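Comments concern the structure below.
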Amino acid sequence: STMSPVQTATSVILEALGYEPQVSTLSVPVTLASLKNKDIDVFLGNWMPSMTADIKPYLDDKSVEQIGTNLEGAGYGLVVPQYVADAGVKSLADLGKLKGVKLHYASQGATSLDLAPMLAFRLLGLDVDHVFGFPGRGEGRLGFERGEFSIDYQTTTAYLRSSLPLVKNGEAVPLFSFGALDDKGKFGRDPNFADIPTIAEAVEIVTGKRPGGVEWDAFYSFLIAGFPAQKLLLLPKDTPADIVAAWRDVLRRMTKDADYIARKDDMIGEYEQVTDAAGEELFRQAITITPEARAWVRDYLAKTYNVGFD
């Protein structure tokens, strides 16, 4: 990471000027809000132009001031180990050069949650050998740590707990996130990893085209069902309206509870829990797939992995 030496150099300068700098590791949304609230004084990690949408509201209301550039000509996003660099990958735009380089991935199965990364790797043009039969992502990560697999993914909580230390030690590199939905159902960057490109951005960088078509539609349907809308609180269809209203009221009050707010980030990261219209939109997207996308993914699984359908 370029930010560690920048922070170190800045700290040395500030100490020489008589200050006592304290470095806090925060996500971009929390950092910008903290600047506005005067909880912190300086932010050195505003990567432009990718964070334009994040910082613009604060620049517009003049609660944050952009002083200048602290790194000229720096890149961000993909950093690769030597064997990948030797294959010609110098930036995310070069990821297509990995064609012909066999990557290995520990998978729970072609029709499991690992269908989403399977389709993502295909969209990026990567040659990935999916080794089926692993009971969970934890076992896959351990295989990755042992060097048995060369690519892996983890859910947010597992990543923060178990994979981030690998990243900090230089043993793993984050390429992209699967993104997140906001409270209006719009897809964008994961608030926990606002400096990491989404899969949509990665596809556009690698292919030069905005993602689209039946293959992207199929992937996106399983992406939403598998991640942003994975864990929904459901009630039986004929539940009386007053009971539904009571549950929703409890959820609204939960999100404002001081103990919940204090513990939430450690448990689920910076995701917002939603109900009412926002929850219904999540559910709608989770169960929606076009007939064309459904037919495509069934045909792909049948021909590639001999998956049978009743």
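Given the structure is predicted, the values throughout are model-derived calculations rather than measurements.
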[X] and [Y] ion-paired at < 4.0 Å:
X: R122; Y: E215; result: yes
X: D182; Y: K186; result: no
X: K102; Y: D127; result: yes
X: D299; Y: K303; result: yes

Using residues 216-223 as the side-chain source, report each donor-acceptor pair under 3.5 Å to any protein atom, sequence neighbours left out, with the distance given to one decimal.
| from | atom 1 | to | atom 2 | distance (Å) |
| --- | --- | --- | --- | --- |
| S221 | OG | D217 | O | 3.0 |
| S221 | OG | T288 | O | 3.3 |

With a 4.5 Å cut-off on side-chain heavy atoms, are [Y] and [X] touching?
X: I199; Y: L124; value: yes
X: I196; Y: L175; value: no
X: D190; Y: T198; value: no
X: E15; Y: P21; value: yes
X: R189; Y: S177; value: no
X: V167; Y: P174; value: yes
X: I55; Y: L32; value: yes
X: F309; Y: L301; value: yes

- Message: Under the criterion side-chain contact (heavy atoms from CB on, under 4.5 Å), I'd like the reasoning laid out for L126 against I151: C-alpha separation, chi angles, the key distance, then a yes or no.
- Response: CA-CA 11 Å; L126 299 177; I151 194 166; 4.2 Å; yes
- Taking all non-hydrogen atoms of both residues into account, name the closest pair between A202 and F176 and its distance. CB-CB, 4.1 Å
- Closest heavy-atom contact between F187 and A200? CE2-CB, 3.9 Å
[atom1] of [X] to [atom2] of [Y]: how many Å apart, nearest 0.5 Å?
X: L115; Y: H130; atom1: CG; atom2: NE2; result: 9.5 Å
X: S112; Y: M118; atom1: OG; atom2: CE; result: 7.5 Å
X: S63; Y: N37; atom1: OG; atom2: CG; result: 8.5 Å

[X] with [Y], same ILVMFWY side-chain cluster at under 4.5 Å:
X: L14; Y: V12; answer: no
X: F43; Y: I13; answer: no
X: L164; Y: F144; answer: no
X: V131; Y: V128; answer: no

- Going through the checks in order, is the side-chain contact (heavy atoms from CB on, under 4.5 Å) test met by L234 and F283? CA-CA 10 Å; L234 303 175; F283 180 70; 4.3 Å; yes
- Query: Between F134 and F149, is the ring centre distance below 6.0 Å?
  - Reply: yes
- Residue pair L251, L233: steps toward the side-chain contact (heavy atoms from CB on, under 4.5 Å) verdict: CA-CA 10 Å; L251 291 171; L233 178 60; 4.2 Å; yes
- Query: Is the count of non-hydrogen atoms from other residues, nucleotides or ligands lying under 6.0 Å from R146 atom CZ greater than 12?
  - Reply: yes
- Query: Within a radius of less than 6.0 Å around CG of D60, do more than 12 heavy atoms belonging to other residues, nucleotides or ligands occur?
  - Reply: yes
Identify all side-chain donor-acceptor contacts of residues 289-297 below 3.5 Å with residues at least two apart in sequence or on another chain.
| from | atom 1 | to | atom 2 | distance (Å) |
| --- | --- | --- | --- | --- |
| T290 | OG1 | A293 | N | 3.0 |

- Could you name each residue pair satisfying salt bridge (charged side-chain N to carboxylate O under 4.0 Å, His left out) that touches residues 274-283, not counting sequence neighbours? R248-D276, R248-E280, R252-D276, E281-R284
- Query: Please, which pairs that meet salt bridge (charged side-chain N to carboxylate O under 4.0 Å, His left out) have at least one residue in residues 105-121, sequence neighbours excluded?
  - Reply: D114-R137
- Query: How would you list all residue pairs meeting ring-ring contact (aromatic ring centres under 6.0 Å, His included) that involve residues 225-253, not counting sequence neighbours?
  - Reply: Y153-F227, F178-F227
- Could I get the full list of ring-ring contact (aromatic ring centres under 6.0 Å, His included) partners for Y305, not counting sequence neighbours? F132
- Item | salt bridge (charged side-chain N to carboxylate O under 4.0 Å, His left out) assessment of R263 paired with D259 | CA-CA 6 Å; R263 299 171 59 192; D259 184 54; 3.4 Å; yes
- Full working for side-chain contact (heavy atoms from CB on, under 4.5 Å) between E148 and H104: CA-CA 8 Å; E148 298 164 3; H104 303 279; over 6 Å; no
- Task: Taking T239 for its side chain and L235 for its backbone only, find out whether a donor-acceptor pair lies under 3.5 Å.
- Result: no
